[in-house]
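Have a look at the structure below, then the notes.
Throughout, protein chains are lettered first and strands after them, A, B, ... in sequence-line order, and every chain is numbered starting at 1.
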2 protein chains.
Amino acid sequence: MNGPLRSGELAQAAGVNQQTLRYYERRGLLAEPVRSPGGHRLYPAEALTVLRVIKTAQRLGFTLDEVAELVDLGTHRHGRRRDASLQKRATAKLSEIEARIADLQAIAASLRAALAAGCDDLATCATTDCCPLPFADLDRKGPAS
Amino acid sequence: MNGPLRSGELAQAAGVNQQTLRYYERRGLLAEPVRSPGGHRLYPAEALTVLRVIKTAQRLGFTLDEVAELVDLGTHRHGRRRDASLQKRATAKLSEIEARIADLQAIAASLRAALAAGCDDLATCATTDCCPLPFADLDRKGPAS
DNA sequence: CGTAAGCCTGTACCCGGGTACAGGATGCAA
DNA sequence: TTGCATCCTGTACCCGGGTACAGGCTTACG
């Protein structure tokens with residue numbers, strides 16, 4: 001009942017730009033599909049699942065490179081021993097995210113403190129030391145992004 | 001005791017690449033300094049304060065464009081009525097950050113759920129519906145970055 | 001005065017995740 | 001068979017925040 005999908009159809013079904021499909025293909029996230037005699041891509045229905053997986057993993061904070069690894073981790077099934085690397089990666093990613101949350105919470109706390117102190121001019125704040133903002137530590141990195 | 005700073009000195013004092021100073025100057029974050037007869041930049045000591053402000057604001061989650069606004073908000077002093085826009089912006093930024101935290105917390109919860117469920121293959125997870133990961137909602141944006 | 005360290009300019013490149021555009025070739029229906 | 005939608009390819013561009021490099025000039029010290 002559902003034959004192969006053309007790229008536009010798949011893109012629409014997945015809520016993704018059509019160029020993005022090509023992009024994912026280049027990045028090795030999406031397998032190269034069969035082509036029609038004239039060279040048009042014809043995707044199997046499973047491609048939609050793959051895209052869902054990609055989007056979900058991305059939403060979970062994995063980069064496309066990481067997603068690519070996760071994907072052919074699933075398809076290759078290294079050896080046939082059912083390895084636990086997905087859990088390992090998820091655990092690692094979880095602590096990354098927890099670190100990011102902690103960082104953002106520190107930032108939020110600083111902002112709240114500055115608001116409470118009623119600062120209204122950063123230049124002044126930075127010179128008079130009444131302001132709770134941490135102007136000193138320049139060696140820290142930017143906002144956890 | 002502290003005369004004008006040369007660009008390398010300022011860069012080092014601020015813990016910033018020297019190119020970054022030029023970059024900030026182009027972006028309008030750092031005022032164009034006086035030049036030596038031969039064209040070398042000579043920064044007043046206040047430039048270091050400005051850099052501290054920039055770095056701090058950046059650390060608080062403001063983009064460089066926003067920092068630029070904040071900076072000449074402080075220097076221009078629109079009219080002479082002491083406006084509360086710094087507070088407004090800080091408040092807005094604070095809720096942005098709180099939203100990001102909430103988003104990351106939802107993500108962390110998903111990851112924890114997936115770990116608890118013992119998922120080890122995303123492709124399988126996406127088809128069998130035993131997995132707690134939200135594969136359905138493709139319309140959401142990527143990770144709050 | 002010579003020489004080395006430091007500075008100048010413009011331009012190009014990096015990351016990650018796409019998006020846009022031009023100029024042809026196909027697919028499908030009437 | 002014609003016409004229009006869709007698809008193909010390659011290449012270039014976008015965002016944000018810088019960084020790198022080449023080729024030439026200045027400054028400071030001995």
Along DNA chain C (nearest heavy atom to each residue), the more 5'-positioned of B:Gly8 and A:Arg22: B:Gly8
Partner residues of B:Glu46 under the salt bridge (charged side-chain N to carboxylate O under 4.0 Å, His left out) criterion, sequence neighbours left out: none
Results of salt bridge (charged side-chain N to carboxylate O under 4.0 Å, His left out) for A:Glu9 - residues two or more places apart only: none
Expressed as a whole number of angstroms, how long is the span from [X]:[atom1] to [N]:[atom2]?
| X | N | atom1 | atom2 | value |
| --- | --- | --- | --- | --- |
| A:Glu25 | D:dC8 | CD | C1' | 12 Å |
| B:Glu9 | C:dA5 | CD | P | 16 Å |
| A:Leu29 | C:dG18 | CG | C1' | 12 Å |
| A:Leu21 | D:dT6 | CG | P | 15 Å |

For B:Ser36, side chain to side chain contact (heavy atoms under 4.5 Å, CB included) partners two or more places apart: B:His40, B:Leu42
With B:Ala114 via side chain to side chain contact (heavy atoms under 4.5 Å, CB included) - residues at least two apart: B:Cys119, B:Leu133
Please determine whether a side-chain nitrogen or oxygen atom of [X] lies at a distance below 4.0 Å from atom OP1 or OP2 of [N].
| X | N | value |
| --- | --- | --- |
| B:Arg35 | C:dT9 | yes |
| B:Arg41 | C:dC7 | no |
| B:Asn17 | D:dG18 | no |
| B:Ser7 | C:dC8 | yes |

Inter- and intrachain pairs under salt bridge (Lys or Arg N to Asp or Glu O under 4.0 Å), touching residues 20-33 of chain B, at least two apart: B:Glu25-B:Arg41, B:Arg27-B:Asp65
Salt bridge (Lys or Arg N to Asp or Glu O under 4.0 Å) partners of residues 108-117 of chain A, not counting sequence neighbours, each pair once: A:Arg112-B:Glu98
With sequence neighbours excluded, residues passing side chain to side chain donor-acceptor pair (under 3.5 Å) with B:Glu96: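 By the side chain to side chain donor-acceptor pair (under 3.5 Å) rule, B:Glu96 matches B:Lys93.
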Any residue meeting side chain to side chain donor-acceptor pair (under 3.5 Å) with A:Ser7, in chain and number order, not counting sequence neighbours: A:Gln18
Nearest listed nucleotide, side chain of B:Gln19, among C:dC21, D:dT19, C:dC8: D:dT19
Earlier contact from the 5' end, DNA chain D, for B:Thr20 and A:Leu42: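 Of the two residues, A:Leu42 wins.
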Separation of B:Leu21 CG from B:Leu29 CG (nearest 0.5 Å):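 The CG atom of B:Leu29 sits 11.0 Å away from the CG atom of B:Leu21.
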Kindly give the atom pairs (protein nitrogen or oxygen, nucleotide nitrogen or oxygen) under 3.5 Å for nucleotides 26-30 of chain D.
| from | atom 1 | to | atom 2 | distance (Å) |
| --- | --- | --- | --- | --- |
| D:dT26 | O4' | B:His40 | NE2 | 3.3 |
| D:dT27 | OP1 | B:Ser36 | OG | 2.5 |
| D:dT27 | OP1 | B:Gly38 | N | 2.8 |

Summary of protein contacts for nucleotides 12-17 of chain C, nucleotide by nucleotide, where a base hit scores B, a sugar-phosphate-only hit scores S (4.0 Å, heavy atoms): -----B
Donor-acceptor pair, side chain of A:Thr20 and main chain of A:Val16, under 3.5 angstrom: no
Every protein N/O lying under 3.5 Å from an N/O of nucleotides 1-4 of chain C:
none

A:Gln105 atom CD, over 12 foreign heavy atoms within 6.0 Å: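 Check passes, neighbour count above 12.
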